[in-house]
Novice: 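Have a look at the structure that comes next, please.
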Amino acid sequence: MKKMISLKNGASISNIVVSTILGHSGGGMFPYILNPAYRQLIEDVKQTKTTVITKSSTYKKRIGNYIAWKPWTWKYIKRLPDNGILNAYGLTNGGIEAHAPQIGRVAHKGIRVIPNFYPEFSKGKDMYLLVMEIVEVMKILWKYLPLSKCIQPLESNFSCPNSPEDRAKNVEQIIHCARGIKNYLPNLPIIAKISCLHPYELAEELEKVGVDAIHAVNSIPYNKVFTCPISPLHYAGGGGVSGEPAFPLAFEYNKELRKKIKIPIIMGCGVISAEHYKKYKDIGADAVSICSLVAINPREASKLIQNNS
Ligand SMILES: Cc1cc2nc3c(=O)[nH]c(=O)nc-3n(C[C@H](O)[C@H](O)[C@H](O)COP(=O)(O)O)c2cc1C
């Protein structure tokens with residue numbers, strides 16, 4: 001078995017991490033679940049004790065662009081040439097009260113699940129209230145999750161490419177928020193998911209504040225990846241690119257990031273093959289995350305997990 005990341009308080013994360021593509025519960029999502037190879041991947045994830053990070057929940061229900069039960073909104077997730085995906089999903093979700101019991105059921109079935117929470121900075125809430133919301137979120141999650149409080153990590157999504165909370169503008173808010181979480185929940189292992197548009201100082205500050213690991217990076221805004229300025233989803237903010245077309249930018253960002261911080265880094269974005277995985281490991285990834293690969297080629301994703309767990 002490959003080494004896991006061990007966080008300070010004994011929490012652990014597997015060498016390969018499946019990020020968000022198993023849905024808000026971590027147990028699978030529509031329409032991918034219709035594919036037998038995807039269902040087999042979920043079995044493999046369970047057998048290999050692979051860490052699964054859920055799709056983001058917000059405090060209350062949020063309606064974004066993509067809505068699973070409205071087929072006319074499926075256009076907000078598009079395949080791109082060369083193993084890419086463009087999505088302007090927009091964080092549609094039922095809110096943490098709805099998802100926590102589902103996450104709990106998945107965890108009790110033996111999947112090592114880490115919930116992902118999205119703090120909504122853009123709603124103009126006072127930072128104290130935002131941090132109190134996260135305290136409340138953890139109280140709700142702890143009711144359902146089997147792990148003890150100090151070894152159940154939370155991932156905080158600070159980096160959706162397609163939301164008003166977006167990007168470099170929110171650096172100050174992120175640092176305040178992380179400091180607040182560490183103040184009120186000092187034993188909670190926190191993973192901060194950042195964007196390659198964030199300055200490296202953000203990760204350095206998060207390390208100082210006591211964040212336990214960085215997940216870099218989220219999908220990348222369309223106009224950063226392609227010189228062609230018109231995104232096929234221009235009417236929905238442009239969307240975020242993931243999969244192979246995003247790899248070069250994500251890789252360069254992570255290479256530099258590794259030199260700046262000592263805390264564990266889950267490196268991801270663009271991993272479509274064993275070579276991408278190896279490239280991230282060679283520059284010092286403590287773990288490597290996959291998402292688009294699971295949607296595009298779940299069999300290949302299973303192979304990668306089997307060979308590196
Ligand atoms: C359809 C789709 C939905 C996503 N939803 C979320 C999300 O809710 N929260 C989040 O932090 N990242 C989300 N992501 C980003 C992925 O977790 C991952 O960071 C990104 O796609 C880059 O990795 P990849 O190239 O392996 O896909 C989503 C990605 C896709 C393709």
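Every number for a ligand or one of its atoms is a count from 1 in the order of the listing.
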Novice: For S242 and S292, which I'm curious about, is there any donor-acceptor pair between the side chains at under 3.5 Å?
Specialist: yes
Novice: Every pair of nitrogen or oxygen atoms between ligand 1 and the protein that is under 3.5 angstrom apart - can you list them with their distances to 0.1 Å?
Specialist:
unit_1, atom_1, unit_2, atom_2, d
ligand 1, 5 (N), K55, NZ, 2.7
ligand 1, 8 (O), K55, NZ, 2.8
ligand 1, 8 (O), S56, N, 3.1
ligand 1, 8 (O), S56, OG, 3.4
ligand 1, 9 (N), S56, OG, 2.7
ligand 1, 9 (N), N157, ND2, 3.4
ligand 1, 11 (O), N116, ND2, 3.3
ligand 1, 11 (O), N157, ND2, 3.1
ligand 1, 11 (O), K193, NZ, 3.0
ligand 1, 12 (N), K193, NZ, 3.0
ligand 1, 14 (N), T20, OG1, 3.4
ligand 1, 17 (O), S19, OG, 2.9
ligand 1, 17 (O), T20, OG1, 2.7
ligand 1, 17 (O), K193, NZ, 2.9
ligand 1, 19 (O), K193, NZ, 2.9
ligand 1, 25 (O), G243, N, 2.8
ligand 1, 25 (O), G270, N, 2.7
ligand 1, 26 (O), C291, N, 3.0
ligand 1, 27 (O), S292, N, 2.8
ligand 1, 27 (O), S292, OG, 2.6

Novice: Classify the side-chain pair H99/Q102 by whether it contains a donor and acceptor separated by less than 3.5 Å.
Specialist: yes
Novice: How about N218 and S195: does a side-chain donor come under 3.5 Å of a side-chain acceptor?
Specialist: no
Novice: Can you see which heavy atom on F30 is nearest to which on Y66, and at what distance?
Specialist: O-OH, 4.0 Å
Novice: State whether Y59 and K125 meet the cation-pi test: NZ (Lys) or CZ (Arg) under 6.0 Å from the six-membered ring centroid, and within 45° of the perpendicular axis.
Specialist: no
Novice: So how far is it from N170 CG to H198 NE2, rounded to the nearest 0.5 Å?
Specialist: 4.0 Å
